[in-house]
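In what follows, a structure is listed as structure tokens, so that the remarks can point back to it.
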Amino acid sequence: MASSLHPLIDNGITRGDPNFPGGTLSCHCPSDQVVVALKSNIAHNHACGCSKCWKPSGALFSIVGVIPRDNLSVQANASKLTIIDPSAVIQRYSCRDCGVHLYGRIEKEHPFRGLDFVHAELSDQKGWQEPQFAGFVSSIIEQGFNPKGMDALRAKFKSVGLETYDALSPPLMDLIATFTAQKAGVKFANL
Ligand SMILES: N[C@@H](CCC(=O)N[C@@H](CS)C(=O)NCC(=O)O)C(=O)O
Ligand SMILES: [Zn+2]
Ligand SMILES: [Zn+2]
């Protein structure tokens with residue numbers, strides 16, 4: 001595979017520390033960085049191939065995890081943050097100078113409201129949860145990846161131990177469907 005999936009995946013995955021207490025994320029500006037403090041580890045960390053999540057330059061995938069919004073605070077240079085698309089479900093706060101996304105937040109009624117989306121690679125600390133799966137994999141075709149390369153790309157994910165999905169992982173898709181069903185008043189059949 002010629003292209004980089006993501007630097008944290010290309011050469012195999014480094015396991016995180018389950019007792020990791022959190023740390024700080026900084027944008028890529030050479031000075032006056034936006035700094036975000038996270039009071040815990042992240043969860044559901046995964047590679048995302050969608051066009052909206054922030055990716056480091058040269059990478060086909062983003063790596064993004066979630067953290068309860070109460071565990072996130074902006075520590076420095078909050079005035080540089082701008083919401084990329086206020087109408088999107090996930091409001092992504094990016095640094096207006098370097099373009100890095102510091103966090104994504106959901107304000108609408110949504111199964112994931114209350115969780116912020118973050119990129120742990122913006123941290124110098126080690127121990128963040130490692131990626132658990134790859135989601136929105138087929139979305140990279142929409143950004144110009146040749147569909148003929150998809151088998152090799154999925155095989156590369158498999159070789160580092162990551163399952164690939166074209167939306168989210170089954171547990172997360174089940175969570176979304178459960179939320180939708182409960183909202184509609186659907187009664188679940190007995191097993
Ligand atoms: N194929 C689309 C998928 C976009 C998409 O649905 N992204 C997912 C994963 S991050 C999502 O939940 N988006 C909500 C949002 O961006 O607000 C693309 O690549 O733009
Ligand atoms: Zn910046
Ligand atoms: Zn995404």
Side-chain angles (χ1 to χ4, degrees), residues 3-6 8-9 24-37 42-57 59-67 69 72 74-124 129 131-147 149-150 153-154 157 162-180:
S3 355
S4 165
L5 297 182
H6 187 284
L8 295 176
I9 290 178
T24 54
L25 311 180
S26 303
C27 76
H28 283 176
C29 284
S31 60
D32 301 319
Q33 290 99 345
V34 183
V35 180
V36 164
I42 53 170
H44 302 296
N45 200 21
H46 64 282
C48 184
C50 95
S51 65
K52 299 176 169 193
C53 287
W54 176 79
K55 305 165 185 182
S57 80
L60 287 166
F61 283 78
S62 166
I63 293 188
V64 61
V66 298
I67 184 161
R69 65 191 275 172
L72 182 150
V74 182
Q75 236 176 30
N77 292 304
S79 62
K80 296 197 347 170
L81 288 174
T82 172
I83 301 176
I84 300 210
D85 177 3
S87 68
V89 173
I90 303 172
Q91 301 194 340
R92 295 176 174 84
Y93 288 75
S94 73
C95 171
R96 67 169 138 77
D97 291 339
C98 68
V100 162
H101 298 186
L102 276 303
Y103 64 101
R105 179 160 287 178
I106 298 177
E107 305 290 1
K108 297 179 182 171
E109 191 182 3
H110 189 277
F112 299 155
R113 184 169 67 181
L115 296 174
D116 285 346
F117 292 74
V118 290
H119 307 285
E121 71 203 71
L122 299 174
S123 172
D124 286 337
Q129 185 193 52
Q132 311 284 299
F133 67 90
F136 288 89
V137 172
S138 55
S139 290
I140 64 167
I141 297 171
E142 296 166 24
Q143 296 149 68
F145 187 82
N146 191 324
M150 291 305 282
L153 180 136
R154 288 193 167 93
F157 274 118
L162 298 183
E163 287 292 345
T164 58
Y165 305 106
D166 296 311
L168 292 170
S169 62
L172 292 177
M173 294 309 291
D174 290 353
L175 260 176
I176 294 172
T178 304
F179 178 89
T180 307

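Scope of the values below: all heavy atoms of this structure, side chains included, with no hydrogens, waters or symmetry mates. Counting starts at 1 for both ligands and their atoms, following the listed order. Just so you know, residue 1 is the first one in the sequence shown, and it goes up from there.
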With the Zn ion (ligand 3) at the apex, how many degrees lie between SG of Cys53 and SG of Cys48, rounded to 10 degrees? 120°
Heavy-atom nearest option to atom 12 (O) of ligand 1, drawn from Ile106, Ile90, Val89: Ile90
Please say which of Leu25, Val64, Leu8 ends up in a side-chain contact (heavy atoms from CB on, under 4.5 Å) with Glu121. Leu8
Counting from 1 in the order shown, the ligand 1 atoms closer than 4.0 Å to a non-hydrogen atom of Ala88 are 17 (O)
Could you count the protein N, O or S atoms found under 2.8 Å away from the Zn ion (ligand 2)? 4
Residues Arg92 and Asp116 bridged, charged N to O under 4.0 Å: no
Charged N to carboxylate O under 4.0 angstrom, Glu107 versus Arg69? yes
Closest to atom 10 (S) of ligand 1 among Lys52, Gln91, Arg92 (heavy-atom distance): Arg92
Would the Phe157 and Phe61 ring centres measure less than 6.0 Å apart? yes
I'd like to know if the side chain of Gln91 reaches the main chain of Ser87, judged simply by a donor and an acceptor atom lying under 3.5 Å from each other, with no hydrogens or angles considered. no
Could you pull out, from Gly49, Ser51, Gly104, the option with a heavy atom nearest to atom 19 (O) of ligand 1? Ser51
Quick one, Gln33 with His28, criterion side chain to side chain donor-acceptor pair (under 3.5 Å). Give me CA distance, side-chain angles, the key distance, then yes/no. CA-CA 7 Å; Gln33 290 99 345; His28 283 176; over 6 Å; no
Cys50 to Gln143 - nearest heavy-atom pair and separation: C-NE2, 3.6 Å
Using a 4.0 Å cut-off to any heavy atom of Cys53, which atoms of ligand 1 qualify? 10 (S)
Ligand 1 atoms nearer than 4.0 angstrom to some heavy atom of Glu142 are 1 (N), 2 (C), 18 (C), 19 (O)
Answer yes or no: are there more than 12 heavy-atom neighbours, outside Asp85 itself, under 6.0 Å from its atom CG? yes
Below 4.0 angstrom, N of the basic side chain to O of the carboxylate: do Lys80 and Asp97 qualify? yes
Kindly confirm or rule out an N or O of Phe136 lying under 3.5 angstrom from an N or O of ligand 1. no
In this structure, atom 4 (C) of ligand 1 is nearest to the protein heavy atom Cys50 CB, 3.8 Å
Between Phe117 and Ile67, is there a side-chain heavy-atom distance shorter than 4.5 Å? no
If the test is side-chain contact (heavy atoms from CB on, under 4.5 Å), which one of Leu122, Leu102, Ile84 qualifies with Trp54? Leu122
With respect to Cys48, determine whether any N or O atom, backbone or side chain, lies less than 3.5 Å from an N or O atom of ligand 1. no
Could you list which atoms of ligand 1 come closer than 4.0 Å to a heavy atom of Ser139? 1 (N), 2 (C), 3 (C), 19 (O)
